[in-house]
Structures are given as C-alpha cells and as structure tokens.
Amino acid sequence: MKRELFDNVMVIVNASGEVIDREGFLSAVFAADVGSFTGEPTGATLSVKVEHCDTDSGSFEAVPDTKLDPEHTSKDGVLPAIPVADGEAVQVNIDLLGCKRYIKITPTISFEGGTSPAAGSAAYSLVLGDPAEAPV
C-alpha cells in the first residue's frame, strides 16, 4: 500500500504562486496553515485563485469555473472564501480535469477589523493526485 502512495501523489511545498507542472495528475488538495494572527482581527477568510497555462513561462489565465470542482463553485477562477481561525489549517479539494498542463495556486488571506492584521507564518502546500496512469 505504501509504495502505491509514493507512485500516485506528488507534494509541492511552498506552493503559493509557484508554477506547477501537473502533467498526469487530475486532482489536487491544497493545504494552508494560516499560522497565528497579529493585529487582533475580528475575522479572516482564505480565498484560493487557480490559474493555468500551456507553458511554464506563458501568460497564465484563470481556470474557467466549469473546470473546477462543482462542489466549490468558483468565480473567475477563485474558489469561495473559507472562514479561517487563528492558527487553523485548512484543505481545499481541487478538480484539475480539463486544466492546462501548468497551474498556479495563489491563496489570499483577508481580514476584518483589527489593527494592521496579518498571518504571521502562513504555509501552503499542494498535493497532486489521481494520476492518469497508476501503477498496477
């Protein structure tokens, strides 16, 4: 079982805004650990923008909303904002079927209230899975 996992997923650490070659993978899980908040915000949300391109250095465009997971209805390639709490880790499932070869995932944390609020140590990772060709 363990060897099958190694052959069926790819993990990208520090995935925020990085160009990712997703060739052969049809889905992903985006993980965000938002860290501790500073500035005492009264609320926070995380939104995730998904872009794609045929080449790794081309002009990236928002993934059409019809190509993303229907469970998360998006608008202009941005998945709906997810409420997050101080220090919370969240996961977002992304269906990449129909996306171009290269993708970029860009998270944005928005705050309400507080004085110059920020997420002190936010960390983002992406796990590509559901390979088009899996070992037998």
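Heavy atoms only: backbone and side chains are in, while hydrogens, waters and symmetry mates are out. Starting from 1, each residue takes its place in the sequence as its number.
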Sequence neighbours excluded, the answer for ring-ring contact (aromatic ring centres under 6.0 Å, His included) partners of F37 is F111

Minimal heavy-atom distance between E88 and V84, with the atoms involved, is OE1-CA, 3.2 Å

Sorted by chain and number, sequence neighbours left out, ring-ring contact (aromatic ring centres under 6.0 Å, His included) with Y102 holds for none

So side-chain hydrogen bond (donor to acceptor under 3.5 Å, both in side chains) across residues 19-29, not counting sequence neighbours, yields D21-R101, E23-R101

Applying salt bridge (charged side-chain N to carboxylate O under 4.0 Å, His left out) to K104 and not counting sequence neighbours gives none

request  = Could you check I20 against L126 for side chain to side chain contact (heavy atoms under 4.5 Å, CB included), going step by step and ending with a plain yes or no?
outcome  = CA-CA 9 Å; I20 298 164; L126 185 73; 3.5 Å; yes

Taken to the nearest 0.5 Å, the spacing of L79 CG from N93 CG works out to 10.0 Å

Salt bridge (charged side-chain N to carboxylate O under 4.0 Å, His left out) filter on D86, not counting sequence neighbours, yields none

Applying side-chain contact (heavy atoms from CB on, under 4.5 Å) to A32 and not counting sequence neighbours gives F30, L46, V90, Y124

Residue set satisfying side-chain contact (heavy atoms from CB on, under 4.5 Å) with T38, at least two apart, ordered chain then number -> A118

The complete set of salt bridge (charged side-chain N to carboxylate O under 4.0 Å, His left out) pairs with one or both residues in residues 117-131, sequence neighbours excluded, reads none

Closest heavy-atom pair, V34 versus G87, reported as atoms and distance to 0.1 Å, is CG2-N, 4.1 Å

Nearest heavy-atom contact between C99 and V63 is SG-CG1, 3.7 Å

Subject >> Stepwise side chain to side chain contact (heavy atoms under 4.5 Å, CB included) test for L128 and V9 >> reply: CA-CA 5 Å; L128 296 172; V9 298; over 6 Å; no

Here the gap from L97 atom CG to F25 atom CZ, rounded to the nearest 0.5 Å, amounts to 15.0 Å

With sequence neighbours left out, the residues meeting side-chain contact (heavy atoms from CB on, under 4.5 Å) with S125 are V13

Salt bridge (charged side-chain N to carboxylate O under 4.0 Å, His left out) filter on E18, not counting sequence neighbours, yields none

When rounded to the nearest 0.5 Å, the distance separating CD1 of I103 from SG of C53 is 12.0 Å

**Asked** Donor-acceptor pair, T42 side chain versus E112 backbone, under 3.5 Å?
**Response** yes

Those residues at least two apart in sequence (or on a different chain) that pass side-chain contact (heavy atoms from CB on, under 4.5 Å) with E61 are H52, K100

What's the verdict on side chain to side chain contact (heavy atoms under 4.5 Å, CB included) for V50 and I94, showing C-alpha distance, side-chain angles and the deciding distance? CA-CA 9 Å; V50 184; I94 303 173; 4.2 Å; yes

Next on the checklist: Check whether D33 reaches the backbone of G35 with its side chain - one donor and one acceptor, N or O, closer than 3.5 Å.
Outcome noted: yes

Does the side chain of V92 come within less than 4.5 Å of I82's, by heavy atoms?
yes

Heavy atoms of P117 and P41 approach each other most closely as CB-CB, 3.8 Å

Looking only at heavy atoms, the pair that brings T45 and A81 closest together is CB-CB, 3.8 Å

Residues 35-49 vs salt bridge (charged side-chain N to carboxylate O under 4.0 Å, His left out), sequence neighbours excluded, gives K49-E51

